[in-house]
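Notes to accompany the following structure.
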Protein chains: 2
Amino acid sequence: MARSKNTQFAVAVHVLTYLAGMADGGPVSSDELSESTNVNPVYVRRVLGPLREAGLVRSRPGVHGGWELATPAHDVTLARVWRLLQGADPVLGLHGPAPDCPVGRGIQRSLTALDSAVSDAVAAELERFTVHDVLMRQIEQPAKPAGG
Amino acid sequence: MARSKNTQFAVAVHVLTYLAGMADGGPVSSDELSESTNVNPVYVRRVLGPLREAGLVRSRPGVHGGWELATPAHDVTLARVWRLLQGADPVLGLHGPAPDCPVGRGIQRSLTALDSAVSDAVAAELERFTVHDVLMRQIEQPAKPAGG
DNA sequence: CAAACTGTAGTCGTTGTGATTACGAATCGA
DNA sequence: TCGATTCGTAATCACAACGACTACAGTTTG
């Protein structure tokens, strides 16, 4: 697939869910978060940066510092997190640069349009769930064979 | 950074569309295909391998050899191509391995289920189009802002 | 046999990803 | 004020994926 090894979205959702579970336990350090997610604390801070810019989380340095939610978990859709971290990248992988022959360019235009359509489909699916849903395990395996 | 890694799907769709456009012009060499797609001929052959196994294309070595469609273009959905080349890989990136804390494991289970749901959504979207649609430029930019 | 293809293994350079180290700035407690 | 804790961020490193490229064996046509 196009979207290969980037785990930022997964880490972000994991952390947000963890913070939602902690509720009012005060700020959580990136060190503690790194233990739950099994990734490096520096990486946690890097991933959380854009989420803080967007107002989803707060961070505070110092002795009793750390991270906490700045928005209720049921107000944070996964689509929002997705767009913040990976919305710019194409879901399908496009090839190219632009080929020489005009036929090839026409095909590439179609592929670009297709990528937009698929990206929207992904976003629409992620719009259905919030961090609160993840915390409550409300995401079920789809039983349908990808048709509908 | 702009484009994601794996371009096999894009190259495959490009080649299939090209072959569909050639209709009955006889086999097309991977060299000619590589010029339209702007990728290496060896890479073209490697990508086309699975499609041949699935009966979508035929290949013939020798002087007037090359590649041609083995299935009508309007019978080949893009979802089928997708599944052949990249259906196994996750759309979202999962992180891991399994964390130590049980809370983290529960979150990861949710994320795995979420990935299935999103993968199905991608497949469903790609099911709507065929190689023939790409050839006819029937794929339009979606106007909706990704909301249902 | 020679030419034109495919099939496939193998190597190589580039790039993305995340771990890790390092250090400065901010905050709290004594 | 001093020291401990934590964030913010840059720099570097190892690893893996991707795709270009080379090379060569096998197959078909003339």
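Below, chain A is the first sequence line, B the second, and so on; all start at residue 1.
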Write down the distance between [atom1] ([X]) and [atom2] ([N]), rounded to a whole number of angstrom.
| X | N | atom1 | atom2 | answer |
| --- | --- | --- | --- | --- |
| A/Asp89 | C/dT15 | CG | P | 16 Å |
| B/Glu68 | C/dT6 | CD | C1' | 14 Å |
| A/Asp31 | C/dA19 | CG | P | 13 Å |
| B/His95 | C/dG18 | NE2 | P | 11 Å |
| A/Phe9 | C/dG18 | CZ | P | 14 Å |
| A/Asn6 | D/dC18 | CG | P | 14 Å |
| B/Leu94 | C/dG18 | CG | C1' | 16 Å |
| A/Glu32 | D/dC7 | CD | P | 10 Å |

| said: Walk me through whether A/Thr37 and B/His95 qualify under side-chain hydrogen bond (donor to acceptor under 3.5 Å, both in side chains). | reply: CA-CA 8 Å; A/Thr37 53; B/His95 68 299; 5.7 Å; no

| message | Just N and O in the side chain of B/Thr7: are any of them under 4.0 Å from OP1 or OP2 of D/dC18? | response |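 Answer is no, no contact under 4.0 Å.
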
| task | Determine: side-chain N/O of B/Tyr43 to OP1/OP2 of D/dG19, distance under 4.0 Å, yes or no. | result | yes

Are [X] and [Y] linked by a side-chain donor-acceptor pair shorter than 3.5 Å?
| X | Y | answer |
| --- | --- | --- |
| A/Tyr43 | A/Thr7 | yes |
| B/Tyr18 | B/Glu32 | yes |
| B/Ser110 | A/Arg137 | no |

| query | What residues, two or more places apart in sequence or in another chain, satisfy salt bridge (Lys or Arg N to Asp or Glu O under 4.0 Å) together with B/Arg60? | reply | none

Nearest-0.5 Å distance, [atom1] of residue [X] to [atom2] of residue [Y]:
| X | Y | atom1 | atom2 | value |
| --- | --- | --- | --- | --- |
| B/Ile107 | B/Thr112 | CD1 | OG1 | 12.0 Å |
| B/Leu69 | B/Leu16 | CG | CG | 6.0 Å |
| A/Trp67 | A/Leu19 | CH2 | CG | 9.5 Å |

Would you indicate which nucleotide in [options] comes nearest to any side-chain atom of [X]?
| X | options | answer |
| --- | --- | --- |
| B/Asn40 | C/dA19, D/dG19, D/dC21 | D/dC21 |
| B/Arg46 | D/dC21, C/dT6, C/dA19 | D/dC21 |
| B/Ser30 | C/dT6, C/dA19, D/dG19 | C/dT6 |

| remark: The correct list of stems in which DNA chain D takes part (3 or more consecutive Watson-Crick or G-U pairs, distances under 3.5 Å) is C:1-30 with D:1-30

| Under 3.5 Å, is there a donor-acceptor pair between the side chain of A/Asp115 and the main chain of A/Leu92? |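 Between the backbone of A/Leu92 and the side chain of A/Asp115 there is a qualifying donor-acceptor contact (under 3.5 Å).
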
| note | Protein heavy-atom contacts under 4.0 Å, written 5' to 3' over nucleotides 22-30 of chain C as B (base), S (sugar-phosphate only) or - (none), form the string ----SBBS-

